[in-house]
Amino acid sequence: MARKKLASCCFKLLLLTSLIALSTVLSQDSSPGKQSEELRIGGIVDLTTHIGKEERAAMQVAIEDLFSGVDLNSPTLLVKDSRGDPTRAVSSAKNLIKKNHVAAIVGLRTWPETFFVAEVGNKSKVPIISLSNEVPSWSDSNRPFLVNAARGQFAQMKAVADIISSWKWRKVNVIYEDINSAVSGIVPYLISALQDAGAEISELLPLTPTLSDRSLSESLRDLKNGQCRVQIVHASAPLAAKIFRNAKRIGMMEKEFVWITTVDTMNLIDTFDTSIISSMQGVLGVKSYYSRSTKQFKNFRFRFNSKCHELYRQEPYHEPCVYSLQAYDAMRAVSLALTDGVPRSKSFQNSTNNSLMLSISGEKIVSRISESNFEGLAGAFNFQKGILSPESLFRIINVVGKSYREIGYWTEKLGFSESTRAGSKYSMSMSLLGQVFWPGGPWSAPRGWALPTSADPLKIGVPVSNAHKEFVDVIYDQLGRGIVVKGFSINVFDATLKFLPYYLPYIFVPFNGSYDSLVEQVKLQNFDAVVADTAIVAKRFQSGDFSQPYADPGLQMLIIVRTKNINKAWLFTKPFTTSMWITIGIINIYNGFVVWLIERNDERNRDAEIRRGSLLKQIGYMLYSAFKTLFSLNVDNLSSNLSRIVVVVWLFLALVLTQSFTASLSAIFSDQGNDPATVDVETLRSTGAKIGCDGGSFVVAYLRDVLNIHHDNIVRIYSGDDYAQALINEEIAAAYLEVPYLKVFLAKYCEGFTTSGPIYKVGGFGFVFQRSSPYLPDISEAIVKVVESGTLKDLENSLTSSYKCLASDSSDDHHRLRVSSFLGLFGISLGVSTFALALFYIFYRREQIARDREEAAGPGPGPGPPAHEPPARGPAAQEPPAGGPEPLERGPEPPARGPEPPARGIEPPAREPEPPARGIEPPAHEPPAIELVAQGPAAHEQPTREPEPPAQGPAADDNIQWNRKRSSSRSTKTSSISHRKSSNSY
């Protein structure tokens, strides 16, 4: 009984309490005057997240900052927890509007919440101020009471794309949180920005926040098994933390991996614990920028920390994030809109001021917010065309150690910089920011993609039905189990791989079909690449990307040789090249100068024409002699043996040159009689001539569409060796081949075929890879190195040198003789001439030295002829003089320095037994002996002695001969004889 009585009393007490509470609520609702005097602002946030808690504290601080110290009643902030559920957000909005009569609602971090609550606001005409940074631009037109107070962060995707472009990564994987706003909002901006940066998305991985760790690991493992190693994460902080924990566990935070995150993750990195930070080592991210050095921010941070400690005593301390700053600025804008035009003077009662604020309509509040213009904590708060000015400046951070470091900044349209100060240097490359710490610890930038392994090599397609086997030739082994691929294109590819900084395993896969179909297989991902003589044409770029061309582009006409008349006026100059003609002229002049110099200084040519005349005349004589020798075989007129040797070698060289000239000129005349007549495409088109080309190449379409050749006149040829026979048999009048094919054809058939007409710059050979292939930039760079190193030139030479004939053309160059063909003969001739000139100089110099010595010695003493002089011959020598020996009629006098010695070749008088008759005069060209004797110092020493008539007969002849010897020698007879021999030795 006692228990029943107690329960009955408790029930009655509870019922009474409920009735009292109900009556209180009804009385409040039935008091419109009191309700109208209180101003309320609603807030809808997700209090289960760190962002929602910071937003609530920041909005409360904003109201307190604005209404403290003024004669206005502070509005009441009513905050509802949506827990991230759009349905709860709508229910909370209806409750705030209908029951609490709020003037505006602030919050709503996600777009789904904003979307549905904005509909409620439109119906109730209550302003909805959203803090979602993913509100689409078209939302304002359908929802006039919706104001987006969060800055658009679409520019961050350009920052991410610039990071990708800085390191030249071509493919990326995108991991994003699977919500409607990501698909319809910011992810399309990322795709567009990556395309502008030259990269494309390899894999898109959508993830839900409720995904289990097992499912998440399986999805990440699929990305790990792929080739791309660059991951972009666009997800909320909780989901991002889960992603990095699982990525580290399965080995995706190691070397060669790249992780880049957006602001949704990095803006809350300060809230991550050490376990999450340790799993994010090497992550590169973009973070919103706001100034932390202003006085306004420092004051806010102090009050914000106090408010957070008051509201959430159990929560750890954190720096205010950008979302709390945005909530503060949004609440400030709403408060300013409510107080705009309301007097703050003490002469007005607070009730009157509150009435004025309550009387502002929703349209007016929206208009005033849109006209706001103040410097907020997150940046300038102003609207342009109804949209808050977006973020254009971001921080670039790198997770290292227990926290992260800011390595620089990114500004839209300017790029990366180390600081935000005026005058900072900007660059579109991250190299300006310094070193980046990558996952796995390497300081060098990762490649961004995984190299193929021997277990999974590149599949490279090669054509089987190739018309030109010299470029690609697929040969099956006897058992049919394997293939051998060889040719010029294969050799170039192998040489290219040697210049890659890594090993690239591959296998060749034969393909039987057209080249267009082969390239199409790359687009279908049946082949990773195509290595062949694939022409680079525009339509094939739809299926893949081409490397740097390794063969010159060009399309030219091939024709058979036709005869024509010889009409070249200067054809006689063709046998020798220009350098050959110049060399012949130089050698002729040099040899002529050597012969002229030797002959001019020979004593036997003292009175010859070679020593007479002016300098101009001597030069003319020398040039005349030089070129006359080419057509004269007479060397008897030369006096010196040295000049004879020079001329003999010279004449031999002239003989060889003359015969070679004749043979070369004959060959040129023969070729000129077989010069091809002029053939052009207009003639072929007008006459309807048949034109051949490769059947499976682009040339068919080019002839038909560009050169306007009728389809019926195009003959398809499927073998390079069939062109010669088709031209000879006149099945076709001409053929159009690509330049590399022409070089090989003319190397095989150098006689009877040639090219004609212009070269059309189309085609060119290149390797085909999948679009945005990570190998393509390295392959193109390696091809350039192959060209610069000369390897490609050697391969081209080996391609044509295997044939007997070299590439032929219509010129006469292959008949022209060059200097290199006569280097031996030219060297011998120059050597002999130079040797003769050196000998001549030595002998001439010795003679000059001897003469200088004689002049320095002066006349020698002695009363008579030298002791070794032979006695006089003839009858006079047998008759002793009367009265004994008498002294000589003339004392020993030195010869006078007057007349030159007589010319050589004058024979001495015949030694007859009988003396010659008196009165015989000496030769006219020889001065009398009496004059030779009368001149000298003795004539002055004996002035009183009268001269006696000269002796006659043999004795006189001997005396004359002795005087001649004395006049030609100033020392001894031995030196005189030596001197005379040396004067005749060159």
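What you see below is based on every heavy atom in this structure, not just the backbone, and it leaves out hydrogens, waters and symmetry mates. It should be emphasised that the depicted structure is a prediction, and the values quoted were computed from it without experimental measurement. Numbers here simply count residues along the sequence, with the first being 1.
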* Stepwise side chain to side chain contact (heavy atoms under 4.5 Å, CB included) check, V172 with V160 -> CA-CA 11 Å; V172 299; V160 173; over 6 Å; no

Under the criterion side chain to side chain contact (heavy atoms under 4.5 Å, CB included), I'd like the reasoning laid out for V492 against L792: C-alpha separation, chi angles, the key distance, then a yes or no. CA-CA 7 Å; V492 173; L792 183 61; 3.8 Å; yes

- Task: Show your working on side chain to side chain contact (heavy atoms under 4.5 Å, CB included) between E731 and V715 and close with a plain yes or no.
- Result: CA-CA 9 Å; E731 297 175 6; V715 179; over 6 Å; no

(request) Any chance you could lay out the side-chain hydrogen bond (donor to acceptor under 3.5 Å, both in side chains) test for T683 and D680, step after step, and finish with the verdict? (result) CA-CA 6 Å; T683 303; D680 53 22; 2.4 Å; yes

Could you walk me through whether N246 and S217 pass the side-chain hydrogen bond (donor to acceptor under 3.5 Å, both in side chains) check? CA-CA 6 Å; N246 286 273; S217 297; 2.8 Å; yes

- Query: When you look at C693 and I714, which way does the side chain to side chain contact (heavy atoms under 4.5 Å, CB included) test go after all the steps?
  - Reply: CA-CA 7 Å; C693 67; I714 299 176; 3.7 Å; yes

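At least one donor-acceptor pair closer than 3.5 Å links the side chain of N466 to the backbone N or O of H468. In this structure, the side chain of K242 engages the main chain of L211 through a donor-acceptor pair within 3.5 Å. No donor-acceptor distance shorter than 3.5 angstrom exists from the side chain of W169 to the backbone of C228, with no hydrogens or angles considered. With S780 contributing its side chain and P777 its backbone, the two residues share no donor-acceptor pair below 3.5 Å. Using modelled atom types, one side-chain atom of N398 and one backbone atom of F437 make a donor-acceptor pair closer than 3.5 Å. A donor-acceptor pair under 3.5 Å links the side-chain atoms of K690 to the main chain of D712, judged by distance alone. For T262 (side chain) and M157 (main-chain N/O), no donor-acceptor pair under 3.5 Å exists by modelled atom type.
Interatomic distance, CD1 of I232 versus OG1 of T261, reported as 10.0 Å (0.5 Å rounding). For the atom pair CD (Q227) and CH2 (W449), the distance works out to 7.0 Å, reported to the nearest 0.5 Å. Remark: H710 NE2 to I691 CD1 distance equals 12.5 Å, nearest 0.5 Å. With rounding to the nearest 0.5 Å, the separation of CD1 in I559 from OG1 in T755 is 8.0 Å. Here the CG-CE distance, from L707 to M557, works out to 8.5 Å after rounding to the nearest 0.5 Å. Taking CD of Q770 as the start and CD of E200 as the end, the distance is 9.0 Å to the nearest 0.5 Å.
Counting only heavy atoms from C-beta outward, the side chains of W259 and M280 never approach each other to under 4.5 Å. A 4.5 Å side-chain heavy-atom check between P510 and Y476 finds at least one atom pair inside the cut-off. Using a 4.5 Å cut-off on side-chain heavy atoms (C-beta onward), V762 and V699 make no contact. Inter-residue side-chain proximity for P549 and F765 is flagged as unmet; no heavy-atom pair is nearer than 4.5 Å. Using a 4.5 Å heavy-atom threshold, the side chains of W167 and V436 count as touching. Put simply, the side chain of H234 does not reach to within 4.5 Å of the side chain of V174, judged on heavy atoms. Looking at heavy atoms from C-beta onward, D222 lies out of side-chain contact with E218 at the 4.5 angstrom threshold. By the 4.5 Å heavy-atom criterion applied to side chains, L703 and N713 are not counted as neighbours.
At a cut-off of 3.5 Å, with distance as the only test, no side-chain donor of S489 or D533 sits close to an acceptor on the other residue. Using a 3.5 Å distance cut-off with no hydrogens or angles, the side chains of D162 and S165 do not pair a donor with an acceptor. Counting only N and O atoms by type, the side chains of S427 and S429 include no donor and acceptor under 3.5 Å apart.
Between Y502 and Y775, the two ring planes are tilted [angle within 30° to 60°]. Using cut-offs of 30° and 60° on the angle between ring planes, the pair Y749 and F753 is perpendicular.
The pair D213-R245 does not meet the salt-bridge criterion, since no charged nitrogen lies less than 4.0 angstrom from a carboxylate oxygen. Salt-bridge formation is not detected for the pair K158/D196: no Lys NZ or Arg NE/NH1/NH2 atom is positioned less than 4.0 Å from an Asp or Glu carboxylate oxygen.
Across all non-hydrogen atoms, the minimal contact from D528 to P457 is OD2-O, 4.2 Å. The heavy-atom pair separating G763 from F698 by the smallest distance is CA-CZ, 4.0 Å. What you find for Y718 and G695 is that their closest heavy atoms are CE2-CA, 3.6 Å. Considering every non-hydrogen atom in both I164 and V230, the closest pair reads CD1-CG1, 3.8 Å. The two residues I163 and I396 make their nearest non-hydrogen contact at CD1-CD1, 4.3 Å. Minimum heavy-atom separation, A240 to V233: CB-CG1, 4.5 Å.
Each of E520, R771, K523, Q521 was compared with S543 under the side-chain hydrogen bond (donor to acceptor under 3.5 Å, both in side chains) criterion, and only E520 meets it. Tested against L799, the residues N491, V744, D794 include a single side chain to side chain contact (heavy atoms under 4.5 Å, CB included) partner, V744. Of the options V784, I536, T496, I779, a side chain to side chain contact (heavy atoms under 4.5 Å, CB included) to Q548 is made by V784 and by none of the others. Each of K224, R229, E203, Q231 was checked for a side-chain hydrogen bond (donor to acceptor under 3.5 Å, both in side chains) with N173, and the lone residue meeting it is Q231.
Among pairs with a residue in residues 542-561, those fulfilling ring pair (Phe, Tyr, Trp, His ring centres under 6.0 Å) read F541-F546, Y550-F767, at least two apart in sequence or across chains. Note on residues 449-463: no pairs pass salt bridge (charged side-chain N to carboxylate O under 4.0 Å, His left out), not counting sequence neighbours.
Less than 6.0 angstrom separates the ring centroid of Y741 from the ring centroid of F471. The aromatic ring centroids of F493 and Y506 lie less than 6.0 Å from each other.
Within a 6.0 Å sphere centred on NZ of K469, other residues, nucleotides and ligands contribute more than 12 heavy atoms.
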